[in-house]
Protein chains: 2
Amino acid sequence: MDVSRQQSEPSPERGPRARTRKLMLETATRLMQSGFTPSVSEVAEAAEVSRATAYRYFPSQAALVHAVVDEALGPILDWRSDAPDALTRIADLLATAMPRIDEFEATFKAALKLSLDQWAQRQAGTLGNEPQFMRGHRVELLRQATAPLEGKVSKESREQLAQALSLVFGLEVLIVLKDIWGLSAERAQSVAEWAAAALVEAAVREAQTAAP
Amino acid sequence: MDVSRQQSEPSPERGPRARTRKLMLETATRLMQSGFTPSVSEVAEAAEVSRATAYRYFPSQAALVHAVVDEALGPILDWRSDAPDALTRIADLLATAMPRIDEFEATFKAALKLSLDQWAQRQAGTLGNEPQFMRGHRVELLRQATAPLEGKVSKESREQLAQALSLVFGLEVLIVLKDIWGLSAERAQSVAEWAAAALVEAAVREAQTAAP
DNA sequence: AAAATTATGAGATGTGCGTATCGTAAAGAT
DNA sequence: ATCTTTACGATACGCACATCTCATAATTTT
């Protein structure tokens with residue numbers, strides 16, 4: 001029996017396979033958006049398929065979360081901006097991404113948890129070359145957002161700025177500001193926007209004083 | 001059998017109980033500092049006590065991690081600074097805390113993982129009033145660090161600054177900059193320090209332009 | 001030193017997740 | 001319409017973590 005075909009082939013758009021997979025994904029997404037991170041068994045029950053079938057499509061909770069994350073990430077990865085200044089781009093990026101992350105908070109937290117698991121297992125030496133969580137989309141998005149600064153600040157400064165900006169943009173921001181400080185999602189985003197603006201302005205100002 | 005005495009009483013400094021507990025804690029700390037997050041059974045084996053005994057002292061991996069986190073947190077919670085300016089205090093705080101967090105990276109990541117578990121369970125309604133992880137020491141430390149700004153900037157600005165600073169100070173910084181950007185711990189701290197300084201200066205500058 | 005208390009160890013038991021096997025039903029091909 | 005392929009469900013199994021029980025060893029008390 002050629003097991004390898006089942007998942008490796010880019011799963012046909014039609015037929016029972018696609019139908020069941022879609023059913024499970026929608027069920028999982030719905031459950032996760034309600035703030036709960038289900039096991040494969042629980043999705044199976046909610047979708048009214050047998051456990052065995054569920055495990056055929058998603059061999060682990062990790063695979064399940066991975067798939068839902070891809071759904072949730074869609075609009076964020078499609079983000080583009082041709083605004084002429086970096087400040088506007090950053091604000092726009094945050095306005096696009098942060099509400100989406102908040103909407104899928106449970107999903108992203110589950111993904112973070114899994115990435116921490118993977119990290120721990122790498123430390124222990126139990127290393128399977130599994131698909132990575134935390135794939136660093138932030139890097140590309142922030143390079144895109146800080147592109148208007150090319151020429152205005154040095155390459156090194158731009159890189160450092162992008163790195164600093166990645167600290168005020170993402171799930172971690174919501175964790176810290178909502179769970180520790182008790183802020184609302186809106187207030188958290190506002191703080192993040194203020195911080196992001198401050199960082200951009202600092203980078204620009206430094207470049208100006210260095211070479212006036 | 002009066003079970004309640006065992007853990008609730010502030011565990012005597014002497015006797016076999018204190019000895020075994022100390023042995024386990026030291027073993028667990030050593031294992032975790034080597035980058036691995038052991039289960040209770042694994043600590044039991046490493047400490048050469050039986051699983052049953054281990055579970056008497058630490059009824060779960062969570063309890064174990066909690067105890068080691070308290071150890072790791074010690075020097076950070078003791079941090080004080082009477083430097084006259086906020087900039088110096090922040091830099092000093094980062095210089096104290098970040099290397100310590102990096103040293104106990106596995107421990108703090110395990111704690112973060114557990115706090116994510118707790119969050120998920122609260123969402124699901126399975127709510128035991130267990131001891132909280134993520135107890136928000138950052139809030140107090142950063143209020144302390146930004147104290148010199150009292151009078152210079154508004155209370156609201158100071159609060160917002162402290163919130164923004166909490167984004168560039170903590171485990172999350174290391175996760176993002178090391179694991180996603182691939183930076184070294186030293187470089188990560190340097191980026192964090194730059195960002196922190198930028199945020200403080202932005203807050204001060206805003207206050208000056210508002211009321212010159 | 002003897003008795004009471006407390007700590008420890010060994011093994012059985014339960015639970016949740018993931019895997020494997022097998023028989024049956026549905027879909028597609030000739 | 002028959003045959004082949006593919007999908008599905010039920011069940012049993014292994015594993016790892018955590019819990020429970022009870023007998024034994026160590027410590028403390030009198």
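These numbers come from the heavy atoms of this one structure, side chains and all, not from hydrogens, waters or symmetry mates. Sequence lines set the chain letters: A, B, ... in the order given, protein chains first and strands last, and positions in each chain run from 1.
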Counting only distance, no hydrogens or angles, is the base of C:dG9 paired donor-acceptor with the side chain of B:Arg56 under 3.5 Å?
yes

Kindly say if B:Thr20 contacts the phosphate of C:dT8, meaning a side-chain N or O under 4.0 Å from OP1 or OP2.
yes

Using whole Å, what does the distance between atom P of nucleotide C:dT8 and atom CZ of B:Arg21 come to?
13 Å

Look at B:Tyr55 and D:dC20 and indicate whether a side-chain polar atom (N or O) is within less than 4.0 Å of OP1 or OP2.
no

If you compare every side-chain N and O of A:Ser50 against the phosphate oxygens of D:dC8 (OP1, OP2), does one of them come in below 4.0 Å?
no

Is the base of D:dG9 touched by the side chain of A:Arg51 through a donor-acceptor pair closer than 3.5 angstrom?
no

Spacing between A:Met24 atom CE and D:dA7 atom C1', to the nearest angstrom:
14 Å

side-chain contact (heavy atoms from CB on, under 4.5 Å) evaluation trace for A:Val65 with A:Met32
CA-CA 9 Å; A:Val65 170; A:Met32 289 194 186; 3.7 Å; yes

Spacing between A:Arg19 atom CZ and C:dA26 atom P, to the nearest angstrom
13 Å

Spacing between B:Asp117 atom CG and C:dC17 atom P, to the nearest angstrom
12 Å

DNA chain C: 5'-proximal contact among A:Ala52 and A:Glu42 (nearest heavy atom):
A:Glu42

To the nearest angstrom, the CG-P distance between A:Leu64 and C:dC17 comes to 12 Å

Treating B:Thr53 as the side-chain partner and B:Val49 as the backbone partner, does any N or O pair qualify as donor plus acceptor under 3.5 Å?
no

Measuring to OP1 and OP2 of C:dA7, would you say a side-chain N or O of B:Tyr57 lies under 4.0 angstrom away?
no

What is the distance from CZ of B:Phe58 to P of C:dT8, rounded to the nearest Å?
12 Å

Mind checking if A:Ser39 touches a base, just sugar-phosphate, or nothing, with heavy atoms under 4.0 Å?
sugar-phosphate

When rounded to whole Å, the CD to P distance for the pair A:Gln61 and C:dT19 reads 13 Å

Report yes or no: do B:Arg187 and B:Ser190 form a side-chain donor-acceptor pair below 3.5 Å?
yes

Reckon A:Ser60 has a side-chain N or O less than 4.0 Å from the OP1 or OP2 of C:dG18?
no

Around atom CZ of B:Arg100, are there more than 12 heavy atoms of other residues, nucleotides or ligands at under 6.0 Å?
yes

Under 3.5 Å, side chain of B:Arg143 to main-chain N/O of B:Ala162, donor-acceptor pair present?
no

